[in-house]
Amino acid sequence: LGADFTDNPVFANLKAGDYELIIRDVNGCESVEVVIVEATGDMLTTSVQNIKNATCGADNGGFSIEVSSGEAPYTYIINDEEFESPDFANLPVGTYDILIVDAAGCSAEEQVAIEAGDIEMEAEIGDIAIASCGQSNGRFNANVNGGTAPYTYNIGFGERNDAEFTQVSGGLYNLTI
């Protein structure tokens, strides 16, 4: 248990884990034993909070881990990367396995699935007024259902927040919402 030998057979204040104990007698003969120190007290209690699914194919999902027992500070490990904060943001769609370890070496595991959010939208074009020949006096509007407001609209002349298009000339327009 460490780099030095001692005459004292008592080892105190050890964190939970596996230890290799080397016992050496006065003649230099050695024996190696594995000692397992188990965690005592309350189990580390965790829960997943505030799951936010990723939307529109973006890396904007997230979640938080709440720890209600154990000994602070806590370390959060995802894909062998350690984090100090229990809040995770800017995540893509996927499944995340989180190992939470407290200062005493106790641990808990959580699994979180970030899913693709509701991105289905339907648009209905209405209030159509046909432009006069050679004039830019036509109009239409877009009524959107689904997705997440606020919406932006584009028919090829730049994005805008207004769903009503006025002073348009006759032609075919591709509306992107």
Side-chain angles (χ1 to χ4, degrees), residues 1-25 28 30-123 142 144-154 158-163 176-177:
L1 293 174
D4 299 323
F5 284 89
T6 180
D7 293 336
N8 186 352
V10 178
F11 299 92
N13 300 317
L14 297 174
K15 290 185 178 184
D18 296 349
Y19 295 89
E20 188 175 88
L21 174 65
I22 302 172
I23 305 166
R24 183 184 296 158
D25 69 10
E30 293 183 355
S31 173
V32 178
E33 298 290 329
V34 173
V35 178
I36 300 171
V37 177
E38 294 184 5
T40 59
D42 292 336
M43 298 289 293
L44 191 58
T45 304
T46 62
S47 63
V48 178
Q49 304 289 319
N50 307 315
I51 297 174
K52 179 183 175 222
N53 289 323
T55 56
C56 295
D59 295 350
N60 61 358
F63 61 88
S64 298
I65 300 291
E66 182 178 296
V67 183
S68 58
S69 66
E71 185 178 326
Y74 306 102
T75 302
Y76 307 87
I77 303 168
I78 300 176
N79 297 333
D80 297 322
E81 188 174 348
E82 293 186 8
F83 300 90
E84 300 286 323
S85 171
D87 301 313
F88 298 88
N90 302 317
L91 300 173
V93 170
T95 300
Y96 297 88
D97 293 311
I98 306 100
L99 175 66
I100 303 100
V101 182
D102 75 355
C106 296
S107 64
E109 294 181 18
E110 292 286 352
Q111 186 176 73
V112 180
I114 300 294
E115 299 175 353
D118 181 16
I119 59 172
E120 289 188 33
M121 289 191 309
E122 290 183 12
V144 180
N145 292 311
T148 305
Y151 307 107
T152 58
Y153 306 87
N154 189 339
E159 288 188 358
R160 56 188 283 169
N161 295 322
D162 188 3
T176 303
I177 303 171

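Sequence positions, counted from 1, serve as the residue numbers for this chain.
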Ring geometry between Tyr76 and Phe88 (parallel below 30°, tilted from 30 to 60°, perpendicular above 60°): perpendicular

Asn79 side-chain N/O to Glu81 backbone N/O, donor-acceptor pair under 3.5 Å: no

Test item: Thr152 side-chain N/O and Arg160 main-chain N/O as donor-acceptor pair under 3.5 Å: no

Nearest atoms (heavy-atom pairs only) where Ala103 meets Ala72: CB-O, 3.5 Å

Heavy-atom pair with the smallest gap, counting every atom of Ile51 and Ala113: CG2-O, 4.2 Å

Nearest 0.5 Å, please: how far is [atom2] in [Y] from [atom1] in [X]?
X	Y	atom1	atom2	answer
Leu99	Glu110	CG	CD	10.5 Å
Thr75	Glu82	OG1	CD	5.5 Å
Ile114	Phe63	CD1	CZ	6.0 Å
Ile22	Arg24	CD1	CZ	7.5 Å

Side-chain H-bond candidate by donor/acceptor type, Ser107 with Glu109, under 3.5 Å: no

No-hydrogen, no-angle side-chain donor-acceptor test under 3.5 Å, Gln111 and Asp97: yes

Within 6.0 Å of CG in Asp7, more than 12 heavy atoms from elsewhere: no

Other residues, nucleotides, ligands: >12 heavy atoms within 6.0 Å of Glu122 CD: no

Ser47/Gln49 under side-chain hydrogen bond (donor to acceptor under 3.5 Å, both in side chains): CA gap, chis, key distance, verdict: CA-CA 6 Å; Ser47 63; Gln49 304 289 319; 2.9 Å; yes

Student check: side-chain heavy atoms of Val34 and Tyr19 closer than 4.5 Å: no

Side chains of Ile78 and Phe83 in contact at under 4.5 Å (non-hydrogen atoms): yes

Stepwise side chain to side chain contact (heavy atoms under 4.5 Å, CB included) check, Leu91 with Tyr96: CA-CA 10 Å; Leu91 300 173; Tyr96 297 88; 3.6 Å; yes

Leu44 and Ile100: CA distance, side-chain angles, deciding distance, side chain to side chain contact (heavy atoms under 4.5 Å, CB included) verdict: CA-CA 8 Å; Leu44 191 58; Ile100 303 100; 4.1 Å; yes

Side chain to side chain contact (heavy atoms under 4.5 Å, CB included) between Asn161 and Tyr153, worked out: CA-CA 6 Å; Asn161 295 322; Tyr153 306 87; 5.8 Å; no

With Tyr74, the side-chain contact (heavy atoms from CB on, under 4.5 Å) member among Thr46, Val101, Val67: Val67

Set of residues satisfying side chain to side chain contact (heavy atoms under 4.5 Å, CB included) with respect to Ser85, sequence neighbours excluded: Asp87

Verdict with reasoning, Val48 to Ile65, per side chain to side chain contact (heavy atoms under 4.5 Å, CB included): CA-CA 5 Å; Val48 178; Ile65 300 291; 4.0 Å; yes

Residue list, side-chain hydrogen bond (donor to acceptor under 3.5 Å, both in side chains) with Asn60, at least two apart or on another chain: Thr55

